[in-house]
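Below: the structure, in structure tokens.
Quick caveat: nothing in here was measured; it's all calculated off a predicted structure.
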Amino acid sequence: MDISTKKRRIALGCEGSANKLGIGVILHTGDPGSASSTSTVLSNVRHTFVSPPGTGFLPKDTAQHHRAFFVRLARRALAEAGVRVADIDCICYTRGPGMGAPLTSVAVAARTLALLWGKELVAVNHCVGHIEMGRAITGADHPVVLYVSGGNTQVIAYAEQRYRIFGETLDIAVGNCLDRFARALQISNDPAPGYNIEQLAKQGGRVLLDLPYAVKGMDCSFSGILTRAEELAAHMKAGGKGPDGEPFTAADLCFSLQETVFAMLVEITERAMAHVGSTQVLIVGGVGCNERLQEMMGAMAADRGGSVYATDERFCIDNGIMIAHAGLLAYETGFRTPIEESTCTQRFRTDEVLVKWRR
Amino acid sequence: MAAPAAAPADAQSQFPPPKVLTYPAAAPPSLITQGAEGRLYKTTHLLPDRPCALKYRPPKPYRHPILDARLTKARLSAEAKVLDRCRREGVPVPAVYAMDPAAGWMMMEWIEGIPVRAAINEWLGARRPPEEGAEPSAEAADDGAPLADLMRRIGIAMGALHRTGVVHGDLTTSNMMLRPRGEGQAVNGCVGGGDDKAKVLEGEVVLIDFGLATQSMSDEDRAVDLYVLERAFASTHPRAERLFATVLESYKDTFKKAPSVLVKLEDVRMRGRKRSMLG
């Protein structure tokens, strides 16, 4: 049956580009691309590989984790969605960007499901997955998108069939900066280092410690800030004093780091909004769950007469449902990934994807 | 032609003007635009017929007050310093009339004309649009000798800027004005004479908004400057993306140290854009 005229379309999505393994099942109804089309999340399950405090997740161990949990997670996703294998139209998986070994594990698993069940495969760009899910959940139709996570920091706007990158980090991702700073302070990685920094920062704020502020046009840079924050952490442990001559705490450091890097992110987003003339802003990616970032972005957007759209951890943090959703959007326009081309790659730019499902 | 259209009336009342604009003046100030950096008002300086631009950086509500004060003061002072330097060295930029960094404002020469972005879009808009569903291509811009000439003038302005030891920090086609040439002035190297449509691309390229500018002689900073413009150009005018090479060519002709900057630009591209390693 022709997928573009089918009334109910169901996709299963598999995501594993970093330390989260996610599998989700999505349902699209109505004519694709029309105003009557709807998206329903049937299931969205996830399992996270958490490494001990002071360490990061290594590709080898993460891939091992994904392989170990894939089958039970896929079963749970199907059971929660209440769909039979026969109901599924396509299997979607993350082609990239991400860590090589975990991506490979999940791509192999997705390929196996496709062959086992006789379904077609759809390879999805991870960043586009985030953007499309954010749009679907929040209803933001033409926003400037800030995509912030452990591996990516990009300011994106849609134009002429592509998600175009207006600004991005020139070195490490903002989430990577936060994760590695958490390691310097031995902050727990459970449930996520960024979450624990956010909670700790709420207790800080007596002083604002001086950190570099690195914005270049619509781009920014975080590696220098990380170095300085690590130096300050060492200074603090050695009993050093803050700018007011009093000792400062880990909470003050977390507070100062958040205030500085989030101000940079809001600034480059504001610049992109002014540049494209948009008042909507959508935050996606794991760091997008941070409520302080959402609050700051909201203040900026309100000042410009607009509003901020953000989602919670179910959709911000890597998940399978966004891969299913973006994959199904592409599938509905006729996009397929033949099994012999079902590869994955660590480097896959957001603007490489032809966005045929948008005007 | 008047500069960017004045902001709608509701925007005029939406923001309280900075204190300096509440004093009695011959001409009432009008809010021109709310950029990312702050607001731009049109008012007059000393004489009622001497128009000027007042740039005001209001406190950012989202930013920590200490960080905000530090950034506002540092950026405004740096901007004035850089503009003064460019002015002395003959780079086309607005002149600084007056400023108060702590209060967050600066008065500058009013530049007539339209932003380069608007001019390019108007030019491209007059061309045939790409076919339905087709990949946007540079084909449509191929017959654009006047556009190539504008690119050349942008490259010359960039070369002059970098020669002065200044990097702009936020180069986009919105941050360049096309100032109409006054009567009697030589129309240097401006081709496209007879074509009426090409008139939109005529004029002198004047660089504006030095809010993120710094004084730097390093190849790295200069290369990032070019890279920021290159990407802004590609995302704002995807149909004319290919013409950007012309900017770099004339930059190279204008600026003696350009070759090493362009080598660095390759590095910056590889680093900034996680380019596909395939093939």
Check the side chains of [Y] and [X] for a donor-acceptor pair under 3.5 angstrom, ignoring hydrogens and angles.
X: B/Ser174; Y: B/Arg117; result: yes
X: A/His126; Y: A/Thr94; result: no
X: B/His168; Y: B/Asn175; result: no
X: A/Asn290; Y: A/Gln258; result: yes
X: A/Asp318; Y: A/His130; result: yes

* Would you sort out whether A/Val144 and A/Gln280 count as a side chain to side chain contact (heavy atoms under 4.5 Å, CB included), showing the intermediate values? => CA-CA 6 Å; A/Val144 165; A/Gln280 289 184 337; over 6 Å; no

* **Mutual orientation of the aromatic rings belonging to A/Tyr158 and A/His142 [parallel < 30°, tilted 30-60°, perpendicular > 60°]** => perpendicular

* Asked: Looking at A/Glu267, A/Met297, A/Met273, which has the largest count of heavy-atom pairs under 4.5 Å with chain B?
  -> A/Glu267

* **For chain A, which residues of residues 213-223 of chain B have heavy atoms nearer than 4.5 angstrom** => B/Glu220, B/Asp221

* Which members of residues 58-67 of chain B, sorted by number, sit under 4.5 angstrom from chain A on a heavy-atom basis? -> B/Lys60, B/Pro61, B/Tyr62, B/Arg63, B/His64, B/Ile66, B/Leu67

* Go through B/Val167, B/Val224, B/Thr172, B/Thr173 and name the one with the most non-hydrogen pairs under 4.5 angstrom from chain A. => B/Thr172

* Could you look at A/Tyr163 and say if it's the side chain, the backbone, both or neither that has a heavy atom under 4.5 Å from chain B? => neither

* Where on B/Leu71 is there a heavy atom nearer than 4.5 Å to chain A: the side chain, the backbone, both, or neither? -> side chain

